[in-house]
Amino acid sequence: MEVGFLGLGIMGKAMATNLLNHGFRVTVWNRTLAKCQELVALGATVGETPASVVAKCNYTIAMLSDPAAALSVVFDKNGVLEQIGSGKGYVDMSTVDAATSSKISEAVRQKGGTFLEAPVSGSKKPAEDGQLVILAAGDKALYDDMVPAFDVLGKKSFFLGEIGNGAKMKLVVNMIMGSMMNCLSEGLCLADKSGLSPQTLLDVLDLGGIANPMFKLKGPAMIQGSYNPAFPLKHQQKDMRLALALGDENAVAMPVSAAANEAFKKARSLGLGDSDFSAVYEVVKGAGGSGQA
């Protein structure tokens, strides 16, 4: 199976590598073309533009940073729309809002192509290990065609029906994740300020009903002040913003998530946008009186 892959950031690079390692023929494109060279060493070919990748491949996957990037790759000069057409499928695995997915879907279908949104739950390590959770919606036939690739990229894929449902599900998941990270940060800070061991707190949490992989993975690194980006904080804040907008559309009160979003925004203002999203802990520590974050 030959696929195109647009976007080689933290997630895209790991995902395209997995496809190559499992025997897929992959043609890659990235806005900074130098990022393609590591994948060329694994057997990938390089497309000069998104349009050239789509022209070569019947199936093209995109993994981009935000709605603006997702729209740019489709609608700009030398973009996806210039070559999409009958017999070609486009799969956007970026985390965007439902309106962005719908706009891309309509444009692709007007050209005769098929479209699937398929955002993923998971960060760098699950992407590297092929353990993502894929939240797809849109053209069911294209979903069926992509199952072999999804089985390499993820541990489970869901088909959620009409366009927008995948985007909405991903935003709800990331909204919960961001709120949980803020709560963990407050708990670690409160334990420390109360004369308790933050590591012992993590040990206790791991044995109880709220034990979860995120606390177990992120907690020790947070205590050490280590924030190597598995999921950059600026992207977490973008997802919180989009989730809150979805709440506005549906008149759902979300005070916990709104407060979490403010903490992530504060972290961005302190220059932590490119750090892991767990770096919001530094904001909480600063607010707790332990000095400047």
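Just so we're clear, the structure is a prediction, and the values are computed from it rather than from any experiment.
- Between Glu106 and Arg109, no side-chain nitrogen of the basic residue sits less than 4.0 Å from a carboxylate oxygen of the acidic one, so the salt-bridge criterion is not met.
- Within 6.0 Å of atom CE in Met169, 12 or fewer heavy atoms from other residues, nucleotides or ligands are found, so the atom counts as exposed in its surroundings.
- For residues 4-25, every residue pair satisfying the side-chain hydrogen bond (donor to acceptor under 3.5 Å, both in side chains) rule, not counting sequence neighbours, is listed here: Lys13-Glu38.
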May I have the list of side-chain donor-acceptor pairs in residues 149-166 shorter than 3.5 Å, sequence neighbours left out?
unit_1 : atom_1 : unit_2 : atom_2 : d
Ser157 : OG     : Tyr143 : OH     : 2.9
Asn165 : ND2    : Leu160 : O      : 2.9

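- Counting heavy atoms from C-beta on, the side chains of Leu196 and Leu190 never come closer than 4.5 Å.
- Qualifying salt bridge (charged side-chain N to carboxylate O under 4.0 Å, His left out) partners for Asp206, counting only residues two or more places apart in sequence or in other chains: Lys216.
- Inspection of the Asp97 and Thr100 side chains reveals an N or O donor paired with an N or O acceptor under 3.5 Å.
- If you check the side chains of Asn182 and Glu186, you find no donor sitting under 3.5 Å from an acceptor.
- Screening residues 170-179 for side-chain hydrogen bond (donor to acceptor under 3.5 Å, both in side chains) gives Thr95-Lys170, Asn174-Asp239, Ser179-Ser257 as the qualifying pairs, with residues at least two apart or on separate chains.
- Under a hydrophobic clustering in which Ile, Leu, Val, Met, Phe, Trp and Tyr are joined whenever their side-chain heavy atoms come within less than 4.5 Å, directly or via other members, Leu207 and Leu202 fall into different clusters.
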Show the atom names and distances, to 0.1 Å, of all donor-acceptor pairs under 3.5 Å that link a side chain in residues 120-130 to residues at least two apart or in another chain.
unit_1 : atom_1 : unit_2 : atom_2 : d
Lys125 : NZ     : Asp129 : OD2    : 2.6

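- Geometrically, Lys103 engages Phe75 in a cation-pi contact defined by less than 6.0 Å to the ring centre and at most 45° from the axis.
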Validation: residues 53-65 side-chain donor-acceptor distances under 3.5 Å, sequence neighbours left out:
unit_1 : atom_1 : unit_2 : atom_2 : d
Lys56  : NZ     : Thr27  : OG1    : 3.2
Lys56  : NZ     : Thr45  : OG1    : 3.0
Tyr59  : OH     : Asp145 : OD2    : 3.2

